[in-house]
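One structure is given below, encoded as structure tokens.
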Amino acid sequence: MAPVARETDIVRLLSAYDRARQNLIPILQDVQEQLGFLSQDAVGAIAEHLQISENDLFGVATFFTQFRFTPPGRHCIKVCQGTACHVRGSGLIMEELSQKLGIHAGETTSDREFSLERVACFGSCALAPVVVIDDKVHGLLTPKSADELVDEMGSRRDETVSEA
Amino acid sequence: MAVLTRTPLASPGDLEQMRAAILSSRPAGRREIVVCGGTGCRAAGSLELFAALERELTQQRASDRFALKMSGCHGFCQQAPLTVIEPERVFYCRVGRKNLESDVGDMVQALLSDGEPVRKLLYRHPVDKERIVHYEEIPFYAQQTRIVLRNAGRIDPRDIDDYLARGGYGSLAKVLSMQPADVIAEIEKAGLRGRGGAGFPTGRKWALCRAAADDSMRYVICNADEGDPGAFMDRSIIESDPHSVLEGMAIGSYAIAHGVAPAQGIVYIRAEYPLAVETLTTAIEQAKRLGLLGENILGSAFSFDVKIKRGAGAFVCGEETAMIASIEGRRGMPTARPPVPAVKGLFGKPTNINNVETWANVPRIIEGGADWFASIGSGESKGTKVFSLVGKINNSGLIEVPMGMSLRTIVDEIGGGVPERRQCKAVQTGGPSGGCIPAALLDTPVDYEHVQQVGSMMGSGGMVVMDEYSCMVDVAKYFLAFTESESCGKCVPCRMGTQHLLRILTEITEGRGTATDVETLQKISETMKDASLCGLGQTAPNPVLTTIENFADEYRAHTEDGKCPAGVCRELIQFTIDQDKCTCCPQCVRACPVHAISGEKRQPRSIDQEQCIRCGTCREVCKFDAIMVS
Ligand SMILES: Cc1cc2nc3c(=O)[nH]c(=O)nc-3n(C[C@H](O)[C@H](O)[C@H](O)COP(=O)(O)O)c2cc1C
């Protein structure tokens, strides 16, 4: 999970950017990398830095699928929706994981362990169907093996909990 | 890396000297172990493989006898992870999938003893089961012509020396002594057309931008947004040979801007491609340090720098005017033309946008000459095209073929046909803007003209093979779900059109279709084609129109008989098990995600219809065609 940055970090981050409109998307990307999402406070700070309205900022940020406004789960599961993945059954994988975790795409489990996302295409089509968990690509999956992957993540969590 | 200590090269002569120095430090016949570090191989464990090889070489005290390096994508991701032994070009595949330590041990042993290659790691011909030793003899590669991918899999993309050793930046040096107009003329004569989709002649595009009346700036952009789902050519090119793209951009900028305005380069790259961004960032730094990018390149009066802009996940931003809006920090919505970007583009300045693969062709053309390039390909489609061959195909991966090769050769010979002895039903090209070419038209030569004649589009190079188990109505619905969610909403025909097409297709696949649906789909499609603002809406109906034209009976089966012949649309099907064909093996029982299949030993299986979710997983895994759909 991304380290939780503090407000001062955001201020420092913003100071590296000129107050130019064209920096909006790079700033949003940078902030999201730091915080894991775009918090209300961050949105306010960015709008002020660039001297644009929050409304305007939201207009741009919501246009692009990359940006999120709620904190992600500890593990981020991204299911590829590319054409190759589709014809090789990615819909079933999404369904399976959605059922297993009890959430829809775009949501996070209530214990904040897992987020489930759809991604248009990772470009790993030769390995279709593909799921990316915390930036690691897993290919040639079936609903069952995807299920097991998530179980593995879960049990790893149990280990870290019991160690603690 | 040696690059760190070097000073910028001050002339083309310096470049040649440096190249000679690199080559002489690499004695001929030096053996290299090249591990593929493409995304596909990484997913299959090539980083672990690399580390294991490093350990084994150290342990055998052989580290200095062999050069161990990591290349970009070789294209044959199906067989990942790959390792090639140079200069013999021994091709090892699936290395370490079963037993990493023993595979690595055997490989190093074979190298040390100068013995026979390790048999178990050689590629096995899918038909005659013979082991094949060398790269070029493998059917997947034998039919390819690698121009754009010439360096892919051979060089370490993070080491500019490797690129220089293969002649890199020689074309840029050559161009710097030419007149910009002559460079443009050379590209025009070669017949290079844009590889990003529409196939616009590249030389003509450059000339338009050069001729613009503004002398304050020329923006030169590389479109690496690669929005087409099911395609990964551009990612692979950047990950395996980033300097070819940079060199192409520098040459183009010289042709477009030198003598008329300063030039600034931008690579607009897709958010989901972190490895490509990293590779490109390194490449830009290394090129700058050697004075191959930046101020006064190779001591000339020409200066050119490249910045990276990361996309933020919007398909429409692959369209030129939408991309420009998003670089400016606005919602990525297209604008009406004119003015065209060549005249008034980014920040109001003349802007030239080309696709990654287009740029990567440029240094090759300058090096080999326009006549050589124009001798490859067919008719008005010169050169090669890179495709990502994926879907229901045995050898999936990245391929490069001369334009004009038939789809059949690509699917059957390079692709090795469809798995499980099933039949190819259609090939989808051109992504969401393209169409489905039916198996009956597999003899179509793949070039701009012919692919368009059969109602599809060359597009950027996605090629998705479908078999009998793919439902064409479902495929059309899939693409419309994509374009509907990616439509930016600015113009009504696209915004409403995609919504209605998707609604009707959904109804058909859920058994609620009516006899007039197909006609309505066609009408909406025609309106969208005529009236949409940008290419997204104008081409979004193509997947619908081509499937209606080529698979009308499949639509009819859905709307009139309430059946999905391919067995995909869940509301319309039921799976049962042929008791005579069932061999009582446990495959389907294990695979069923909802445990709906009975599992008593030595009893033919049967499916509990109450529990069955009609996912078709059992049919995919059954080796005996025992799962029937009705
Ligand atoms: C909706 C839409 C999406 C596009 N996506 C891409 C893309 O991902 N990559 C690309 O190179 N071109 C894409 N294009 C085509 C570009 O707008 C443009 O024609 C191309 O980059 C020009 O380069 P070329 O002449 O070298 O092909 C897209 C066009 C449209 C209408």
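Because the structure is a prediction, the values reported are computed rather than measured. In what follows, chains are A, B, ... by sequence order, proteins preceding strands, each numbered from 1.
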Pick from B:Gly311, B:Ser388, B:Ala481, B:Pro432 with the largest number of heavy-atom pairs that fall under 4.5 Å of chain A
B:Gly311
For the pair B:Glu468 and B:Lys425, find out whether any cationic side-chain nitrogen is under 4.0 Å from an anionic carboxylate oxygen.
no
Chain B contacts: which residues in residues 57-67 of chain A have a non-hydrogen atom closer than 4.5 Å to it?
A:Gly59, A:Val60, A:Thr62, A:Phe63, A:Phe64, A:Thr65, A:Gln66, A:Phe67
Counting only heavy atoms closer than 4.5 Å, note whether B:Ala271 contacts chain A via side chain, backbone, both or neither.
side chain
Chain B contact via A:Ser124 - side chain, backbone, both or neither, heavy atoms under 4.5 Å:
both
Chain A heavy atoms under 4.5 Å from B:Arg310: which part of the residue, side chain, backbone, both or neither?
both
Is a side-chain donor-acceptor pair under 3.5 Å present for A:Asp111 with A:Thr109?
yes
When only heavy atoms count and the cut-off is under 4.5 Å, which of residues 44-51 of chain A reach chain B?
none
Would you call A:Lys100-A:Glu96 a salt bridge at under 4.0 Å N-O?
no
Contact check, side chains of A:Thr108 and A:Arg68, non-hydrogen atoms, under 4.5 Å
yes
For chain A, which candidate among B:Gly397, B:Gly616, B:Ser396, B:Cys471 shows the most heavy-atom pairs at distances under 4.5 Å?
B:Ser396
Which portion of B:Phe347 sits near chain A, non-hydrogen atoms under 4.5 angstrom:
side chain
Audit row: B:Arg42, A:Val137, side chain to side chain contact (heavy atoms under 4.5 Å, CB included) steps and yes/no:
CA-CA 8 Å; B:Arg42 280 176 190 231; A:Val137 181; over 6 Å; no
Check each atom of B:Val594 against the heavy atoms of chain A and say whether the ones under 4.5 Å are side chain, backbone, both or neither.
neither
Between B:Cys488 and B:Arg331, is the side chain to side chain contact (heavy atoms under 4.5 Å, CB included) condition met? List the steps.
CA-CA 9 Å; B:Cys488 79; B:Arg331 288 166 74 93; over 6 Å; no
With chain A, the option among B:Gly329, B:Gly313, B:Ala312 that has the most non-hydrogen atom pairs under 4.5 Å is B:Ala312
Does the structure place the NZ or CZ of B:Arg619 under 6.0 Å from the centre of the six-membered ring of B:Phe575, at an angle of no more than 45° from the ring's axis?
no
Close approach to chain B in residues 16-24 of chain A, criterion heavy atom under 4.5 Å
A:Arg21, A:Gln22, A:Leu24
Is there a side-chain contact between A:Pro26 and B:Lys309 (heavy atoms, below 4.5 Å)?
yes
If you check every heavy atom in residues 77-88 of chain A against those of chain B, which residues fall under 4.5 Å?
A:Gln81, A:Gly82, A:Thr83, A:Ala84, A:His86, A:Val87, A:Arg88
Between B:Gly332, B:Ser470, B:Ala314, B:Ala591, the one whose heavy-atom pairs under 4.5 Å with chain A are most numerous:
B:Gly332
One thing to verify: whether B:Arg570 and A:Glu95 come together as a salt bridge, which I'm taking to mean a side-chain N less than 4.0 angstrom from a carboxylate O.
yes
Given that the side chain runs from C-beta out, which part of B:Ile393 has a heavy atom under 4.5 Å from chain A: side chain, backbone, both or neither?
backbone
Interface moiety of B:Ser326 toward chain A, non-hydrogen atoms closer than 4.5 Å
both
Would A:Val150 and A:Leu101 count as a side chain to side chain contact (heavy atoms under 4.5 Å, CB included) if you check the C-alpha gap in whole Å, the side-chain angles of each, and the deciding distance to 0.1 Å?
CA-CA 9 Å; A:Val150 173; A:Leu101 299 170; 4.0 Å; yes
Interface moiety of A:Ala120 toward chain B, non-hydrogen atoms closer than 4.5 Å:
both
Most chain A-contacting option - heavy-atom pairs closer than 4.5 Å, from B:Phe315, B:Phe479, B:Phe482:
B:Phe479
What part of B:Arg614 lies closer than 4.5 angstrom to a heavy atom of chain A: side chain, backbone, both or neither?
neither
Toward chain B, the part of A:Gln99 with a non-hydrogen atom under 4.5 Å:
neither
A:Arg12/A:Asp9 ion pair, N-O < 4.0 Å
yes
For residues A:Leu140 and A:Ala128, report the shortest heavy-atom separation together with the two atoms involved.
CD2-O, 3.6 Å
If you define the side chain from C-beta out and look only at heavy atoms, does anything of B:Lys392 sit under 4.5 Å from B:Glu420?
no
Interface residue of largest heavy-atom contact number with chain A, from B:Arg590, B:Glu620, B:Glu486, under 4.5 Å:
B:Arg590
Counting only heavy atoms closer than 4.5 Å, note whether B:Cys317 contacts chain A via side chain, backbone, both or neither.
side chain
Checking heavy atoms, do the side chain of B:Asn395, its backbone, both or neither come under 4.5 Å from chain A?
neither
